[in-house]
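It should be emphasised that the depicted structure is a prediction, and the values quoted were computed from it without experimental measurement. Hydrogens, waters and symmetry mates play no part in the numbers below; they use all other heavy atoms, side chains included.
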Amino acid sequence: MDLFKTLRNPCRGDVLRVALAAAGAALTVGCGPTAQPSMECDPAAMYATITTLCSDSLAGRRAASGNDLRAARVLAAELCEAGCEPLWTKALVPFGMAGAASRRGMDRVLAGEWRDSSYNVVMTVRSRFPNAEKVLLGAHYDHLGAFKADKGRKHKAGDMLRGANDNASGTVAVVEIARRLQPYADEFKRDLVVALFGAEEMGLIGTGCLERMLRDSSVTVGHMVNLEMLGRMRGDTLRLQGEMLSPVSRVAEAVGNTDSLRIDLSTGFSIGSDHFSFASKMIPVSFFVTTDISTLHTVDDTPESLDMEGMRRAVNYITRYVYTLLTMERLPELREKI
């Protein structure tokens, strides 16, 4: 409709009022205060952060190198921009390395200085139910960095392991999911705790320390979701572990399935990633991982090697899964017989 012509013709006043009302309604729906942003992830934004994490300046994000601290600061800033706030006084939570590098022989083969501590990034999206048990969403952000000596046939002196899939992919997925879910916090029935873990490659040190800190602070975690290596999907399969501890299949059923993903409710249970620090304390977990790990701990694990379309599908599914955990009346309970 030509509104200018209508304005010039007083006989069309009723038509003008209808047109203006319709335009106002369209504005309210499209960009008004009640409109909520999409939960769909932004692959370009995720890829940009992966590229930053894998850059020469961060040199592989090895724990206790100083590069882990720089990476943690980048990630804390992104989570702050996404609307998260520190769970405690500060977002960066240091923990001691307890001689892990020398104990595991890492200091003999990995290059760079060795500090006494590394860092977890721990933030939250608060709900209207602060006393309810929390959902913890996490991933480790550290990797191995540069080798100063040969180690086996696969690792040679001078090799730089950047860790794009392991685990920059899981790390940026956590940030993106927090960003997409934060506007829905009024619908949550429990808080979302967001944690990015250091020193996973040194033996799950960051998560072990965080699990104890949460327990000592009387922060009750009702369910832990761990994201690992989401950037290389073989076919349409996204693997979900945790059924042996609690009926996570019920959550998957509630989420439903789009994007033609196949959710593999694996009967196996990995003990080599950060969820194990919580599962070992009998806290229900959901562990998501894609199925192609061919670049694991190799120089080929670079941003260019990732399947971002597959990652988009995986992150969109996990976003809905975490939203379901945050909004369901009761979280999946620990099985009586494990």
Side-chain angles (χ1 to χ4, degrees), residues 45-82 84 86-87 90-95 97 100 106 110 112 115 117-124 136-146 160-179 193-211 213 224-231 272-278 287-289 295-297 301-303 306 311 315 318:
M46 291 192 295
Y47 189 79
T49 304
I50 289 171
T51 301
T52 298
L53 292 175
C54 296
S55 63
D56 289 345
S57 63
L58 294 182
R61 312 181 306 282
R62 198 207 72 215
S65 66
N67 296 313
D68 53 337
L69 175 57
R70 285 185 277 275
R73 285 171 173 160
V74 168
L75 295 166
E78 289 216 5
L79 286 171
C80 182
E81 188 273 333
C84 301
L87 179 63
K90 295 182 179 180
L92 269 61
V93 181
F95 58 86
M97 292 294 293
M106 296 290 205
L110 296 180
R115 301 184 178 187
S117 61
S118 189
Y119 299 84
N120 291 323
V121 182
V122 189
M123 303 187 78
T124 187
L136 171 62
L137 172 65
H140 78 89
Y141 68 90
D142 69 301
H143 198 54
L144 293 174
M160 171 70 77
L161 272 61
R162 300 178 184 274
N165 195 30
D166 179 25
N167 188 33
S169 64
T171 297
V172 302
V174 167
V175 174
E176 183 70 1
I177 291 168
R179 187 192 317 279
V193 176
V194 181
L196 300 172
F197 312 118
E200 188 265 2
E201 302 286 0
M202 300 290 170
L204 313 184
I205 298 174
T207 36
C209 291
L210 180 60
E211 189 280 325
M213 289 185 69
M224 190 271 183
V225 180
N226 182 33
L227 309 185
E228 177 91 68
M229 292 187 289
L230 298 179
S273 189
D274 287 302
H275 59 281
F276 185 69
S277 296
F278 294 87
F287 173 43
F288 286 98
V289 62
T295 62
L296 175 64
H297 288 189
D301 189 7
T302 61
L306 299 182
M311 185 169 168
V315 173
I318 298 167

Side chain to side chain contact (heavy atoms under 4.5 Å, CB included) between L161 and D301, worked out | CA-CA 7 Å; L161 272 61; D301 189 7; over 6 Å; no
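- Between G198 and D142, the shortest heavy-atom contact is C-OD1, 3.9 Å.
- Here the straight-line distance linking atom CG of D56 with atom CG of L58 works out to 9.5 Å at 0.5 Å rounding.
- Here the shortest heavy-atom pairing between S118 and D68 reads OG-OD2, 2.6 Å.
- Shortest non-hydrogen contact noted between L230 and G170 is CD1-CA, 4.4 Å.
- Two residues are said to be in side-chain contact when any heavy atoms from C-beta on lie closer than 4.5 Å; L137 and I177 meet this criterion.
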Do R179 and E81 pass the salt bridge (charged side-chain N to carboxylate O under 4.0 Å, His left out) test, and can you show the C-alpha distance, the side-chain angles, and the key distance before you say yes or no?
-> CA-CA 8 Å; R179 187 192 317 279; E81 188 273 333; 2.4 Å; yes
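- The shortest distance between side-chain heavy atoms of V175 and M46 does not fall below 4.5 Å.
- Inter-residue side-chain proximity for N120 and L92 is flagged as unmet; no heavy-atom pair is nearer than 4.5 Å.
- Residues I50 and S169 share a closest heavy-atom pair of CD1-CA, 4.2 Å.
- Taking all atoms of both residues into account, the shortest heavy-atom contact from D274 to A139 is OD2-C, 4.4 Å.
- C54 is listed as a side-chain neighbour of R61, based on a closest heavy-atom distance under 4.5 Å.
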Could you check L227 against N167 for side chain to side chain contact (heavy atoms under 4.5 Å, CB included), going step by step and ending with a plain yes or no?
-> CA-CA 8 Å; L227 309 185; N167 188 33; 5.6 Å; no
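- Looking at T171 and L53, their side chains come closer than 4.5 Å, going by heavy atoms from C-beta outward.
- Residues V225 and L136 are not in side-chain contact: their nearest non-hydrogen atoms beyond the backbone lie 4.5 Å or more apart.
- Residue H143 is tested with R162, R62, H297 for a side-chain contact (heavy atoms from CB on, under 4.5 Å); the sole match is H297.
- N67 places no side-chain N or O within 3.5 Å of a backbone atom of S65 that could act as its donor or acceptor partner.
- With hydrogens and angles left out, the side-chain atoms of T295 and N165 include no donor and acceptor closer than 3.5 Å.
- Taking CD from E176 and CD from E78, the interatomic distance works out to 9.0 Å, rounded to the nearest 0.5 Å.
- Side-chain N/O atoms of E228 and H275 include no donor and acceptor closer than 3.5 Å.
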Evaluate the criterion side chain to side chain contact (heavy atoms under 4.5 Å, CB included) for residue pair R115 and M97; output intermediate values, then yes/no.
-> CA-CA 8 Å; R115 301 184 178 187; M97 292 294 293; over 6 Å; no
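- Between F278 and F197, the angle of the ring planes lies from 30° to 60°, which puts this pair in the tilted group.
- Scanning both residues, L210 and A195, for their nearest heavy atoms gives CD2-CB, 3.7 Å.
- Under the 4.5 Å side-chain criterion, counting only non-hydrogen atoms from C-beta, V93 is in contact with M213.
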Step by step, would you call N226 with H140 a side chain to side chain contact (heavy atoms under 4.5 Å, CB included)?
-> CA-CA 9 Å; N226 182 33; H140 78 89; over 6 Å; no
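- Counting heavy atoms from C-beta outward, F95 and S117 have side chains that stay 4.5 Å or more apart.
- For the residue pair T207 / E200, no side-chain donor-acceptor distance below 3.5 Å is found, with atom types taken as modelled.
- In this structure, CZ on R73 lies 7.0 Å from OH on Y119, to the nearest 0.5 angstrom.
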